[in-house]
Protein chains: 2
Amino acid sequence: MTSPRPLRADAARNRARIMTAAHEQITEHGPEVSMEQIAAAAGVAVGTLYKHFPNKSDLVTAVVATSFETLADDAEECLQRENQGSPAMAELTGFLSRVMDTVAHNRAVKAAAYALGADHAAHPAMQEVETRVTQALGQLIRTAQAQGGLRADFTVDDLYLMLFTLPADQPPTARARWLALLLTGLTAR
Amino acid sequence: MTSPRPLRADAARNRARIMTAAHEQITEHGPEVSMEQIAAAAGVAVGTLYKHFPNKSDLVTAVVATSFETLADDAEECLQRENQGSPAMAELTGFLSRVMDTVAHNRAVKAAAYALGADHAAHPAMQEVETRVTQALGQLIRTAQAQGGLRADFTVDDLYLMLFTLPADQPPTARARWLALLLTGLTAR
DNA sequence: CTACAAGATGAAGCATCATTCACGTTATGG
DNA sequence: CCATAACGTGAATGATGCTTCATCTTGTAG
């Protein structure tokens, strides 16, 4: 199931360089950066990008998937802390807050959050990660409701809805205010 | 202060056609439609677009400003109805709901709402319209607070924050749910 | 009715990009 | 150390899009 031939040493090194560079460039300039620019940042020729990824879309998707995994890791760590006694509601708001800050500085993750509903989601790599996020957050939500901090009719879909509409281009004060306004609506009762 | 020479008859007609076509095209395909496509839709040559607008950005801004005026009109009508006895809070939520639906179907207005904080706002035409919206909504907010339906610390900036983060690409059910979640956070007490 | 300024035209210039490919380079198994 | 498949290269290709300008057309003042 794994690769038949284990990738030559230099090829593996270049692949890593490309991923790093692509992540940096996309994070900074958004998915519309040119392949030339990514190649330059990685210190390779454009052709090399195409040796590793059939086309630009695939490269972008790979980067987005990586960013998205970070998000899933965060969600699962929240769940873990909750299991160790941390209040579920606090973990949820912490998660929301962190994602919001990340989105504000990282256009790749923004694309990722957005991609949940878009065509990127078709990619198999994405689907698995989405499941992880959904499961972790779902558990967190149920616990928060059981503990009485979160309104009873709140669902994972609602949480995704919040993620879609996070304010990305607003100053920190505005972002904090947005979260505060939202949270009063999510509190139980 | 007005134009020195009053625009030839055919020129005025073409200008109107261009504005209409540009509005339609941008509404449907977003601001990235080509000038060629707009020209074709207007039934003129590309060169004519440039006779009326120095560059694409200016044309897009003109269209966005138009859409934005519709929004200002709506806000002022809300204020008027409020003066005739309609509950301020109902007018506010109605306004939000309408803007949301429009954004969902009209990418030009989406750009407009977004432009409030972006560089488009630099244009003089925008500034005036922004003042109209801000005044009307500010009045509405104050009344809603006096009538006790709206939380006391809510400001016009908060309302803009909501406009920035309206869910555009979500199905109607999701949009409605989003509004409902938000509103429970805005209710007084 | 005429002259001419205002307006319209659209091919051409110029820039940006994604993508390809014929050729040079190199890691690595034997 | 060699043979060779894997890999890397970057100029070239073709597509698309904004903008310009020399040229033609037409509204309109007188």
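Below, chains carry the letters A, B, ... as their sequence lines are ordered, and counting in each starts from 1.
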Tell me the interatomic distance from [X], atom [atom1], to [N], atom [atom2], rounded to whole angstroms.
X     : N      : atom1 : atom2 : result
B:M35 : C:dG13 : CE    : P     : 20 Å
A:E32 : D:dG17 : CD    : P     : 16 Å
A:L49 : C:dA18 : CG    : C1'   : 11 Å
A:E36 : C:dT20 : CD    : C1'   : 13 Å
B:I38 : D:dG17 : CD1   : C1'   : 12 Å
A:Y50 : C:dA18 : OH    : P     : 6 Å
B:D58 : D:dT19 : CG    : C1'   : 13 Å
B:D10 : D:dT28 : CG    : P     : 7 Å

For the residue pair B:R15 and B:F53, would you count it as a cation-pi contact if the rule is NZ or CZ under 6.0 angstrom from the ring centre and within 45 degrees of the ring axis?
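Yes, a cation-pi geometry holds between B:R15 and B:F53.
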
Using distance alone, with no hydrogens and no angle criterion, decide if [X] and [Y] have a side-chain donor and acceptor under 3.5 Å apart.
X      : Y      : value
B:S67  : B:H23  : yes
A:T155 : A:Y160 : no
B:S97  : B:R175 : no

Counting only side-chain nitrogens and oxygens, does [X] get under 4.0 Å of the OP1 or OP2 atom of [N]?
X     : N      : answer
A:K56 : C:dA18 : yes
A:H52 : D:dC7  : no
A:S34 : C:dT16 : no

Look at the side chain of A:R8 against the base of C:dT26 and say whether a donor-acceptor pair falls under 3.5 Å; ignore hydrogens and angles.
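Checked by distance alone, the answer is yes.
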
Interface with DNA chain D, restricted to residues 12-20 of chain A and to heavy atoms under 4.0 Å:
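The stretch gives A:N14 as the residues lying under 4.0 Å from the strand, ordered by number.
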
Knowing that exactly one of A:V133, A:L161, A:T134 qualifies, which makes a side chain to side chain contact (heavy atoms under 4.5 Å, CB included) with A:V156?
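Answer to the side chain to side chain contact (heavy atoms under 4.5 Å, CB included) test with A:V156 among A:V133, A:L161, A:T134: A:T134.
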
So B:D158 and B:D153, do their side chains get closer than 4.5 Å, heavy atoms only?
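No, too far: nothing below the 4.5 Å cut-off.
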
Pick the nucleotide of DNA chain D nearest each of B:N55 and A:T48; which residue has the one closer to the 5' end?
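With B:N55 and A:T48 compared, the 5'-side residue is A:T48.
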
Would you say CD of A:Q37 has more than 12 non-hydrogen atoms from neighbouring residues, nucleotides or ligands within 6.0 angstrom?
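Yes, CD of A:Q37 has more than 12 neighbouring heavy atoms, counting only those of other groups under 6.0 Å.
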
